[in-house]
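Structure first, then comments.
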Protein chains: 2
Amino acid sequence: MVTIRDVAKHAGVSVATVSRVLNSTGYVREDTREKVMQAITLLNYSPNEVARSLYKRESRLIGLLLPDITNPFFPQLARGIEDEVHSQGFRLLFGNSDEDLKKEAAYLHTFTQNHVVGMITARTISDDETYEGLGFPVVFLDRTSPQYPSVYADGREGGRIAAQEIIKRGSKQITLLKGPPNVKPAQERFQGALETLSGANVDFQVMNTTSFSFHEAKKWAKELFEKHANTDGVIASNDIVAAAILREALQLGKSIPDELQIVGFDDIPQSELLFPALSTIRQPAYEMGKEAAKLLLKYIKKEIVQNKHIELPVTFIERNTTRKVD
Amino acid sequence: MVTIRDVAKHAGVSVATVSRVLNSTGYVREDTREKVMQAITLLNYSPNEVARSLYKRESRLIGLLLPDITNPFFPQLARGIEDEVHSQGFRLLFGNSDEDLKKEAAYLHTFTQNHVVGMITARTISDDETYEGLGFPVVFLDRTSPQYPSVYADGREGGRIAAQEIIKRGSKQITLLKGPPNVKPAQERFQGALETLSGANVDFQVMNTTSFSFHEAKKWAKELFEKHANTDGVIASNDIVAAAILREALQLGKSIPDELQIVGFDDIPQSELLFPALSTIRQPAYEMGKEAAKLLLKYIKKEIVQNKHIELPVTFIERNTTRKVD
DNA sequence: TTGAAAGCGGTACCAG
DNA sequence: CTGGTACCGCTTTCAA
């Protein structure tokens, strides 16, 4: 491994000088700078991040904590974050929390022990004390937080829109899925939809689904049609569940969207490939990730931030599990 | 930040002693060990990974390079890796390469600069020189490599099985999708299927699809039925493309699987939620990730490894885009 | 069984 | 404009 000392020796200068040209700090005469640069390229030297990190007490690493990368909503987020962060020269220390306090604590520990300059967390359970006194900026993603900077989509509005659109298209006996009680964004969608449904001239029922997983989704779908065979509109808690319901409905021979309309939530890439293609409420996941990264980077660079809370719009993506209106 | 010196002072010993109890190296009398432990818990001390990493020239970080986490096959891999690695006390430095040599080089650089103890790469383009002289073990995932340890599924066999199963179920005019030419596993599947198809009593055509992306998938699907309207069996290069084809076929009013059979590849979680549920060749992605991590960890711990190449079996998952046989 | 001290590879202060 | 050097926090000889 070639060190700064090797470079200094080769260039016939001191390590201090090499450090200066490396970081473009302080004065360095042009010709010595060039000597140093030559030595650097000659030796193919590149500074040791760990040593730098030790002295400066900060690395170029950013912590990223997601509930579960296996949930199709998160890869988009992660990608948005990575693209932004990478373009600014930072790298990601990544972990899945499973919304498990123990794992989360382990990662927070890792992050501090490795001198990350900041972190992004998409945890949705609401117990913010865990994040106190961390010593580096934290951005919450996919949920609001009064104290912490955060980036999120307007879930409540999304819920409202979902309900409005399905009502507008003629469903009269709507089933609203509740989604995991501890996942805040899910509950906001739910509340939004509930709000609109309550005020509208339709019948509706709430079904208490408690998870998002692939496995469970099939279960909810079955249960839904057993309990509410006559429903003619479903507002699902996310696209996975919506896909499972669509599947079950087709299985039962229901015609979509004529007999039954379905609206999902998230707009994961796969939703477009379903048949009929899923109508859904889109959350701009990639952009959310990107915005979160930008926001964090501002804190890291100690720029002044105007809005510590960034809300991104949700939009109704009309595809073919809802009827057309004019 | 509380350092080893603080602990030493509190315990009335030297930093060397604290280090010894921390690492359980060398001799330390039981009662001094206890004094130290008390000081540690009292001060809530935990050692600085960066300092440790600098001296030892190795961290507890593992590099993970995936082509694109947004491709639904990779989150499973990533999760398998993370679970294993995390359980053994290691953490992940993660990046997407987009199969781009520049980005890849940037990450290799990051990994070395941050003293990773090893890395896993799922890159599929075959230019192994990039990985020479890295100074830490590398495990290739999702593809073979003669020199490097690697974990992969038997793609060729998968291709054969796909072809056998679709033939067995009566398709006579089969369309085989080629998949991205630079993605090795895709080409192996292709070759396997081609091999079986060539030797069988069926007509078939090869369609040259060059990517896996969601966006392109729809295009291939359209193109497929324009070019080969009379095809009665499709072997897709992965489940995304298969989903797009299923979608297009249903759109065109084809009855699945009676008129047209479709076999995918990968068995991503979503495939089960399609209607009809997708028959596919399963690659055990999670297990592959886990095995890759285990293999790497063996190298890291300098254990003797029996097989540097681990091949996992692929299996035909019979669902409803293929007909039943008895 | 313990402590002093020399690094690991950088950064930054201070003197010249 | 440049060099010497202390120091970041930990590990590991070496000597006591």
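Residue numbering restarts at 1 for every chain, and letters A, B, ... go by the order of the sequence lines.
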Between [atom2] of [N] and [atom1] of [X], the distance in whole Å:
| X | N | atom1 | atom2 | value |
| --- | --- | --- | --- | --- |
| A:E49 | C:dG10 | CD | P | 10 Å |
| B:I4 | C:dA5 | CD1 | P | 17 Å |
| A:R57 | C:dG10 | CZ | P | 19 Å |

Query raised in the report: Between the axis at one end of the helix from C:dT1-D:dA16 to C:dG16-D:dC1 and the axis at the other (five pairs apiece), what's the angle to 10 degrees?
Result: 50°
Which residues pass the side chain to side chain contact (heavy atoms under 4.5 Å, CB included) test with [X], sequence neighbours left out?
| X | answer |
| --- | --- |
| B:P180 | B:N182, B:V183, B:A186, B:F212 |
| B:Y286 | B:R79, B:D83, B:K290 |
| B:E34 | B:E30 |
| B:S87 | B:E84 |

**Report entry** Gap between atom CD1 of B:I4 and atom CZ of B:R52 - 0.5 Å precision
**Finding:** 11.5 Å
Report summary line: So NE2 of B:H10 and CD1 of B:I40: to nearest 0.5 Å the spacing works out to 12.0 Å
Atom pairs and distances, donor-acceptor, side-chain atoms in residues 54-63 of chain B, under 3.5 Å, two or more places apart:
unit_1, atom_1, unit_2, atom_2, d
B:S59, OG, B:L61, N, 2.9
B:S59, OG, B:H115, O, 2.7
B:R60, NH1, B:E49, OE2, 2.5

Query raised in the report: B:V13 near the nucleic acid: base, sugar-phosphate alone, or nothing, with a heavy-atom cut-off under 4.0 Å?
Result: sugar-phosphate
Report task. Check side-chain hydrogen bond (donor to acceptor under 3.5 Å, both in side chains) between B:E188 and all other residues, then give those that pass, not counting sequence neighbours. Result -> none
Report task. Kindly write out the residues that satisfy side-chain hydrogen bond (donor to acceptor under 3.5 Å, both in side chains) with B:R91, not counting sequence neighbours, or none if the list is empty. Result -> A:T110
Requested in this report: Please name the pair of heavy atoms, one in A:G118 and one in A:L296, separated by the smallest distance, quoted to 0.1 Å.
Outcome: C-CD2, 3.9 Å
Query raised in the report: Does A:Y152 reach the side chain of A:Q283, with side-chain heavy atoms less than 4.5 Å apart?
Result: no
Query raised in the report: For DNA chain D, which nucleotides open and close the run of contacts to chain A, 5' to 3', at under 4.0 angstrom from a non-hydrogen atom?
Result: D:dC1 to D:dG9
Query raised in the report: For residues 56-106 of chain B, which residue pairs qualify under ring pair (Phe, Tyr, Trp, His ring centres under 6.0 Å), counting only residues two or more places apart or in two chains?
Result: A:F94-B:F94, A:Y107-B:H86
Requested in this report: Enumerate the residues from residues 28-48 of chain B whose closest heavy atom to DNA chain D is under 4.0 Å, giving them by residue number; use none for an empty result.
Outcome: B:Y45, B:P47, B:N48
Requested in this report: Tell whether A:R52 reaches the base of C:dG9 with its side chain through a donor-acceptor pair below 3.5 angstrom.
Outcome: no
Query - Comparing B:Y27 and B:H115 on DNA chain C - which has the more 5′ nearest nucleotide - result: B:Y27
Below 3.5 Å is the cut-off: list the nitrogen or oxygen pairs between protein and nucleotides 12-16 of chain C, distance only.
unit_1, atom_1, unit_2, atom_2, d
C:dA12, O4', A:Y55, OH, 3.3

Requested in this report: Check step by step if salt bridge (charged side-chain N to carboxylate O under 4.0 Å, His left out) holds for A:K102 and A:D100.
Outcome: CA-CA 5 Å; A:K102 287 243 174 63; A:D100 167 351; over 6 Å; no
